[in-house]
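For reference, the structure discussed in these notes is given below.
Here is how names work: the chains are called A, B, and so on, in the same order as the sequence lines, proteins then strands, and each is numbered from 1.
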Protein chains: 2
Amino acid sequence: MNNYTRMLREHHLKATPQRLEIANALDCNGHMTIEKLYEVMLQKFNSISLATIYKNINIMIENAFIQEVKIPNEKSVYELSKERHSHVVCTKCNAIKDIMLDLSQTTQLASQVSHFKIDKADLVLSGLCQKCQQL
Amino acid sequence: MNNYTRMLREHHLKATPQRLEIANALDCNGHMTIEKLYEVMLQKFNSISLATIYKNINIMIENAFIQEVKIPNEKSVYELSKERHSHVVCTKCNAIKDIMLDLSQTTQLASQVSHFKIDKADLVLSGLCQKCQQL
DNA sequence: CTGGGTGCAAAGTATTTGCATGAAC
DNA sequence: GTTCATGCAAATACTTTGCACCCAG
């Protein structure tokens, strides 16, 4: 039993070939739009349906196997669930990078000011990646 | 010439009655979905078209008169442009609160780690508002 | 076996576009 | 007067659903 099979089962998901490939694609590419994922999946399953992609993305989100990342001015991308992290995106080439930042201070302060009980912080930083700065 | 007229013109937008009402609605309600905005607009303009809403929302975003706020698991909301701020959202009742947080340290650190030139930080904190915590 | 996943087609929802008319400046 | 906004209808894009068949466990 391979890794992805185990990972899927831990999230109460049957390990079908299609799902294994979604897991693999997201693992290799880091962040993918639905569109891009469909494109990649078509190479392995020439008759896969977009409906299958959507159904799987949805159930995988429900079961916390993957996460949706909403990005300003761009389509959402999806990534395998992992340790909490933030995202840096390039507004020119759309590159996306994961970044570990300690937001506990900020979150705590926000909690005091707003009187909310906060349990999640989604931060997306936008700018220019190293390459695009040079152009 | 009223305030909204001036504000619209500063953003190179003609001040039509429909646009003035969009500005007013967003100003009064703080954050609105397309759907909610359409609903409110219908009360003042019984034959307004959804297309008009979309066209205006889009051009207002292009001209930085308003901003889109993308929220995890929810529809996007729109707000008048103002000083940079973060958002706290209640996962139970969907309330949204603006909050001023200093993210300069975080942004600077992110910049060093990622080698990106960062010019924007979008932070959405999710949790329970004061009321929903008590239920 | 049995429950649930797949692909297909169709339906549903969301958003954009083209065009004739009308209003802002 | 000229430019651009509006409303309507149609087109396009995006996402979900129903169903017959098939596969993972």
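- Nearest nucleotide to the B:K75 side chain, out of C:dG5, C:dA14, D:dA5: C:dA14.
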For nucleotides 15-25 of chain D, just jot down a letter per nucleotide in 5' to 3' order: B, S or -, based on protein non-hydrogen atoms under 4.0 Å. BBBB-----BS

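- Under the 3.5 Å distance criterion, the side-chain polar atoms of A:H85 are matched with a main-chain donor or acceptor of A:E83.
- Spacing between atom CD1 of A:I57 and atom P of C:dG5 amounts to 14 Å, rounded to whole angstrom units.
- The side chain to side chain donor-acceptor pair (under 3.5 Å) test with B:R19 singles out one residue from B:T5, B:T52, B:N56, B:N24, and that residue is B:N56.
- Taking 4.0 angstrom as the limit, B:Q18 places a side-chain polar atom (N or O) nearer than this to OP1 or OP2 of D:dG7.
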Let me see the working for A:H115 and B:Q133 under side-chain hydrogen bond (donor to acceptor under 3.5 Å, both in side chains), right down to the final yes or no. CA-CA 10 Å; A:H115 303 294; B:Q133 287 173 57; over 6 Å; no

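- Here the C1' atom of nucleotide D:dA5 and the CG atom of B:N63 are 14 Å apart, to the nearest Å.
- In this structure, the nucleotide among C:dC8, D:dA5, C:dG5 sitting nearest to the side chain of A:S49 is C:dC8.
- With rounding to the nearest 0.5 Å, the separation of NZ in B:K117 from CD in A:Q130 is 14.0 Å.
- In terms of modelled atom types and a separation under 3.5 Å, the side chain of A:T33 and the main chain of A:V77 share no donor-acceptor contact.
- Rounded to whole angstrom, the span from the CD1 atom of B:I53 across to the C1' atom of D:dA5 amounts to 13 Å.
- A side-chain donor-acceptor contact under 3.5 Å links A:S111 to the backbone of A:F116.
- In this structure, CD of B:E21 is placed 18 Å from P of C:dA23, rounded to the nearest angstrom.
- Atom-to-atom distance recorded for A:L135:CG and A:K92:NZ is 4.5 Å, nearest 0.5 angstrom.
- For DNA chain D, the residues of residues 38-48 of chain B within the heavy-atom distance limit of 4.0 Å (strictly under) are B:S47, B:I48, sorted by number.
- When the P atom of C:dG3 is taken as reference, atom NE2 of A:H12 falls 19 Å away, rounded to whole Å.
- Taking every heavy atom of both residues into account, A:L26 and A:Y78 meet most closely at CD2-O, 3.5 Å.
- Between A:D122 and A:K70 there is no salt bridge, since no side-chain nitrogen of the basic residue lies less than 4.0 Å from a carboxylate oxygen of the acidic one.
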